[in-house]
Amino acid sequence: MDKRLICIDISNVVPGKGGTGGGISTYAINLVKNIDTILDNDKSLTVYCIKNSEFAGLSEMRNIIIKNVKVNNSNFFLRLFWLHIRLPLFCKRYKINLLHRIVPELPLIKVCRYIITLHDFMFDFYLQNPPLKKYLTGANLLKFRLFSKFTNIAVSISDGIIVPAETIKSELLNKFRFQNNKVFAIYEASEFPGYEMAKKKNGLH
């Protein structure tokens with residue numbers, strides 16, 4: 001049987017350089033390391049991890065193939081170019097079956113099955129609370145609206161969604177009204193084996 005090819009994209013993780021913050025960085029490292037450990041006993045998968053070349057870490061993987069890419073996350077248009085052009089081309093080139101992005105942004109072109117991690121509803125929280133919203137500059141207000149829209153699109157087209165807590169899962173299910181088996185709650189990627197079993201059960205493996 002042919003191996004399944006999975007790609008984990010953590011290219012947005014560059015704390016302090018237009019990428020995600022420390023909490024998501026910790027999540028990304030835990031996720032990749034735990035999957036690497038799982039692969040010690042599961043040889044049916046080939047897993048790539050796309051990492052920003054400016055992000056230090058994950059240099060001692062036993063099973064995961066690390067691919068370093070240069071992505072300027074602080075430049076909005078270059079970030080979109082990576083997401084919608086370069087990333088789908090990577091998936092096509094390496095014949096990826098499943099793409100997992102640790103942020104809720106997905107290519108509009110569906111080239112394989114998609115999974116996202118949704119950490120919170122920060123953008124909506126600010127936009128829906130006038131006392132907080134008034135502190136946003138015009139540029140930040142536009143940014144928050146755009147990324148809120150990107151999140152909604154990613155949630156709609158993804159085949160699976162990882163959340164860090166049951167409360168986020170409940171909020172997500174109430175907001176979008178889709179089937180419960182699309183959402184998996186894991187905790188800072190520390191309970192990945194449980195997610196792995198659920199993923200197999202629901203056909204995402």
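Atom set for the values below is all heavy atoms of this structure, side chains included, hydrogens, waters and symmetry mates excluded.
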Honestly curious: do I65 and L99 fall in one hydrophobic cluster under the side-chain, below-4.5 Å linking rule? yes
Beyond-backbone contact of V103 with I116, side-chain heavy atoms, under 4.5 angstrom: no
Atom NZ in K51, atom CE in M61: separation rounded to 0.5 Å? 10.5 Å
I10 and V13, any side-chain heavy atoms less than 4.5 Å apart: yes
Measuring from atom OG of S11 to atom CZ of F55, what distance do you get when rounded to the nearest 0.5 angstrom? 11.5 Å
Path from V111 to V69 over hydrophobic side-chain contacts below 4.5 Å: yes
With a 4.0 Å cut-off on N to O distance, would you call R4 and D42 a salt bridge? no
Find the distance between CD1 (I35) and CD1 (I6) and round it off to the nearest 0.5 Å. 7.0 Å
Go through it in stages, so that I can follow the logic: the residues are I64 and L39, the test is side-chain contact (heavy atoms from CB on, under 4.5 Å), and I'd like the CA-CA distance, side-chain angles, deciding distance and then a yes or no. CA-CA 8 Å; I64 293 178; L39 293 177; 3.8 Å; yes
Look at atom NZ of K33 and say whether more than 12 heavy atoms of other residues, nucleotides or ligands are closer to it than 6.0 Å. no
Are the side chains of I102 and Y27 in touch, meaning some heavy atoms are under 4.5 Å apart? yes
For residues 84-98, which side-chain donor-acceptor pairs fall under 3.5 Å, sequence neighbours excluded?
from: H84; atom 1: ND1; to: L108; atom 2: N; distance (Å): 3.2
from: R86; atom 1: NH1; to: K70; atom 2: O; distance (Å): 3.0
from: Y94; atom 1: OH; to: K67; atom 2: NZ; distance (Å): 3.2
from: N97; atom 1: OD1; to: L5; atom 2: N; distance (Å): 2.7

Walk me through whether N63 and D40 qualify under side chain to side chain donor-acceptor pair (under 3.5 Å). CA-CA 7 Å; N63 303 297; D40 284 337; 2.8 Å; yes
Side chains of E60 and I66: closer than 4.5 Å at any heavy-atom pair? no
Heavy atoms of K182 and S156 approach each other most closely as NZ-O, 3.6 Å
Kindly write out the residues that satisfy salt bridge (charged side-chain N to carboxylate O under 4.0 Å, His left out) with K43, not counting sequence neighbours, or none if the list is empty. none
Can I50 and C7 be said to form a side-chain contact (heavy atoms from CB on, under 4.5 Å), step by step? CA-CA 7 Å; I50 302 178; C7 177; 3.4 Å; yes
Whether the side chain of D36 engages the backbone of R62 through a donor-acceptor N/O pair (distance < 3.5 Å, no angle test) should be reported. yes
Just so I know, are the side chains of R101 and N12 near enough to count as touching, which here means a heavy-atom distance under 4.5 Å? yes
Test item: T167 and S170 side chains (from C-beta on) under 4.5 Å apart, heavy atoms: no
Under a 4.5 Å cut-off applied to non-hydrogen side-chain atoms, are I161 and L172 in contact? yes
Are I157 and V155 connected, step by step, through hydrophobic side chains (Ile, Leu, Val, Met, Phe, Trp, Tyr) whose heavy atoms are closer than 4.5 Å? yes
Please round to the nearest 0.5 Å and tell me the distance separating atom CG of N72 and atom CH2 of W82. 13.5 Å
Does S158 form a side-chain contact (heavy atoms from CB on, under 4.5 Å) with L106? I'd like the steps, not just the answer. CA-CA 8 Å; S158 65; L106 286 173; 3.8 Å; yes
Can you hop from I29 to I24 via hydrophobic side chains spaced under 4.5 Å? yes
Give, for atom CG of D159 and atom CD1 of I115, the distance between the pair rounded to the nearest 0.5 Å. 7.5 Å
Can you find a heavy atom in the side chain of N75 that is under 4.5 Å from one in the side chain of R79? no
Kindly indicate, with the supporting measurements, whether the criterion side-chain contact (heavy atoms from CB on, under 4.5 Å) is fulfilled by L118 and I162. CA-CA 6 Å; L118 178 65; I162 295 173; over 6 Å; no
